[in-house]
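Working notes for the structure below.
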Amino acid sequence: MREAPWKREQHLPWPRIKAVWESHWDLSRPVLLEKSPPNLIRTRDIVAHFQPVKFVIMVRNPYAHAEGLMRRNGWTVSRAANFAMMCLRTQLDNARTLDDALVVTYETLVAEPAAAAGRLSQFLPELGPLDYTANFEVHSVDGTLERPITDLNAKKIAALPASTLTGLNEVFTARRDILAAWGYELISAPA
């Protein structure tokens, strides 16, 4: 799954993958988690090979998403913008077609962690109560550290130079419908 993980047409040996995942999971637990980002393009295969299955569909402001892709991976503006839009488009399709899915945006999670934790606990009652006030080890724009749920969008977007915003908008403008479906808007580069 690590070779060309974002290649949709790549055939994967799902029975073998299932066996490997199950060898790492504690099968006595009520919830088994697989959170590899490329699986957002493989939801139909996952439904076909795992039962029962539930999905938590999450997206983030594409400007903040693209900033991280460029900073961490050294991607070009165009590559990061197109990838962020692919994720938004695919997750929109997942939200519209998957039967057992909870949709959460990064923005609602960080703005109202108690409400997001409540929705997640309702969706997966096997989790029990969630401590949304705890500190978590995170890898972020600030490095690796422990902190509570924190909104980093403004910091990440503020780090984008005007030329980068212009380049992102060249891609995002053509897909305003996808942005709007998630409640995102274009951000103008400062004059």
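Predicted model only: the values in this text are computed from it and were never measured. One-based numbering along the sequence shown.
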Let me confirm one number: the CG-OG1 distance from Leu98 to Thr43, rounded to the nearest 0.5 Å. 4.5 Å
Which donor-acceptor pairs under 3.5 Å do side chains of residues 148-159 form with protein atoms, sequence neighbours excluded?
unit_1, atom_1, unit_2, atom_2, d
Thr150, OG1, Pro148, O, 2.7
Asp151, OD1, Asn153, N, 2.9
Asn153, OD1, Arg60, NE, 2.8
Asn153, OD1, Arg60, NH2, 3.1
Asn153, ND2, Glu107, OE2, 2.7
Lys155, NZ, Asp142, OD1, 2.3
Lys156, NZ, Ala64, O, 3.4
Lys156, NZ, Glu67, OE1, 2.6

How many angstroms lie between atom CZ of Arg176 and atom CG of Leu186, to the nearest 0.5 angstrom? 4.5 Å
Is the number of heavy atoms from other residues, nucleotides or ligands under 6.0 Å of Glu146 CD greater than 12? yes
List the atom of Ala162, the atom of Ala189, and the distance in Å for their closest heavy-atom pair. O-CB, 3.6 Å
Heavy-atom donor-acceptor pair, Lys18 side chain to Phe50 backbone, under 3.5 Å: no
Over 60° means perpendicular and under 30° means parallel, so classify the ring planes of Trp14 and His49, tilted if in between. parallel
Does a donor on one side chain sit under 3.5 Å from an acceptor on the other, for Ser36 and Arg42? no
Full working for side-chain contact (heavy atoms from CB on, under 4.5 Å) between Asn61 and Tyr106: CA-CA 8 Å; Asn61 180 295; Tyr106 172 92; over 6 Å; no
Can you name the salt bridge (charged side-chain N to carboxylate O under 4.0 Å, His left out) partners of Arg119, sequence neighbours left out? none
Can you give me the closest heavy-atom contact between Ala114 and Tyr132, atom names plus distance? CB-CZ, 3.4 Å
Would a line drawn from the ring center of Phe172 to the ring center of Tyr63 be shorter than 6.0 Å? yes
Report yes if the side chains of Phe123 and Val104 come closer than 4.5 Å at any heavy-atom pair, otherwise no. no
State the OG1-CD1 distance between Thr166 and Ile187, to the nearest 0.5 angstrom. 12.0 Å
Would the number of heavy atoms belonging to other residues, nucleotides or ligands and lying under 6.0 Å from CG of Asp99 be above 12? no
Salt bridge Arg96-Asp93, side-chain N to carboxylate O under 4.0 Å: no
Heavy-atom closest contact (Asn169 atom, Ser188 atom, distance): ND2-CA, 4.4 Å
Ile57 with Leu120, same ILVMFWY side-chain cluster at under 4.5 Å: no
For the pair Met86 and Ile41, evaluate side-chain contact (heavy atoms from CB on, under 4.5 Å) and give the outcome as yes or no after the intermediate values. CA-CA 10 Å; Met86 180 279 297; Ile41 66 171; 4.1 Å; yes
Taking atom CZ as the centre, does Arg72 end up with more than 12 heavy-atom neighbours from other residues, nucleotides or ligands that are less than 6.0 angstrom away? yes
Please tell me whether Met1 and Phe55 are part of a single hydrophobic cluster in this structure, the criterion being side-chain heavy atoms less than 4.5 Å apart. yes
First locate atom CD1 of Ile178, then atom CZ of Arg89, and finally report the distance between them rounded to the nearest 0.5 Å. 7.0 Å
Counting only heavy atoms not in Glu126, do more than 12 fall under 6.0 Å of its CD? yes
Can you get from Leu127 to Val103 by hopping between Ile, Leu, Val, Met, Phe, Trp and Tyr side chains that sit under 4.5 Å apart? no
Find out whether Leu12 and Ile17 are in side-chain contact, i.e. whether some heavy atom of one side chain is under 4.5 Å from a heavy atom of the other. yes
Heavy-atom pair with the smallest gap, counting every atom of Ser121 and Gly128: OG-O, 3.1 Å
Exercise: identify the closest heavy-atom pair between Met70 and Thr76: CG-O, 4.0 Å
Same cluster or not: are Val56 and Val31 linked, directly or through other Ile, Leu, Val, Met, Phe, Trp or Tyr residues, by side-chain heavy atoms under 4.5 angstrom apart? yes
Give the minimum heavy-atom separation between Pro5 and Pro38, together with the two atoms involved. O-CB, 3.4 Å
Rounded to the nearest 0.5 angstrom, the CG-CE distance for Leu168 and Met85 is 11.0 Å
Does Thr164 use its side chain to pair, donor to acceptor, with the backbone of Leu160 at less than 3.5 Å? no
Pair Thr105, Thr108: side-chain N/O donor-acceptor within cut-off below 3.5 Å: yes
Indicate whether any N or O donor in one side chain lies under 3.5 Å from an N or O acceptor in the other, for Arg175 and Asn82. no
Considering residues, nucleotides and ligands other than Lys7, do more than 12 of their heavy atoms fall under 6.0 Å from its NZ? no
Distance, nearest 0.5 Å, that separates OH of Tyr184 from CG of Leu179: 9.5 Å
What residues form a side chain to side chain donor-acceptor pair (under 3.5 Å) with Asn39, not counting sequence neighbours? Glu34
Tell me whether Leu32 shares a hydrophobic cluster with Val20, the cluster being built from Ile, Leu, Val, Met, Phe, Trp, Tyr side chains joined at under 4.5 Å. no
Is a donor on one side and an acceptor on the other found under 3.5 Å between the side chain of Trp182 and the backbone of Val59? no
Crowded around Arg29 CZ? As in, over 12 foreign heavy atoms under 6.0 Å? no
Kindly determine whether Asn94 and Arg44 satisfy side-chain hydrogen bond (donor to acceptor under 3.5 Å, both in side chains), including the steps that lead there. CA-CA 9 Å; Asn94 287 336; Arg44 276 93 189 136; 2.9 Å; yes
Measuring only between side-chain heavy atoms, which start at C-beta, is Val171 closer than 4.5 Å to Thr173? no
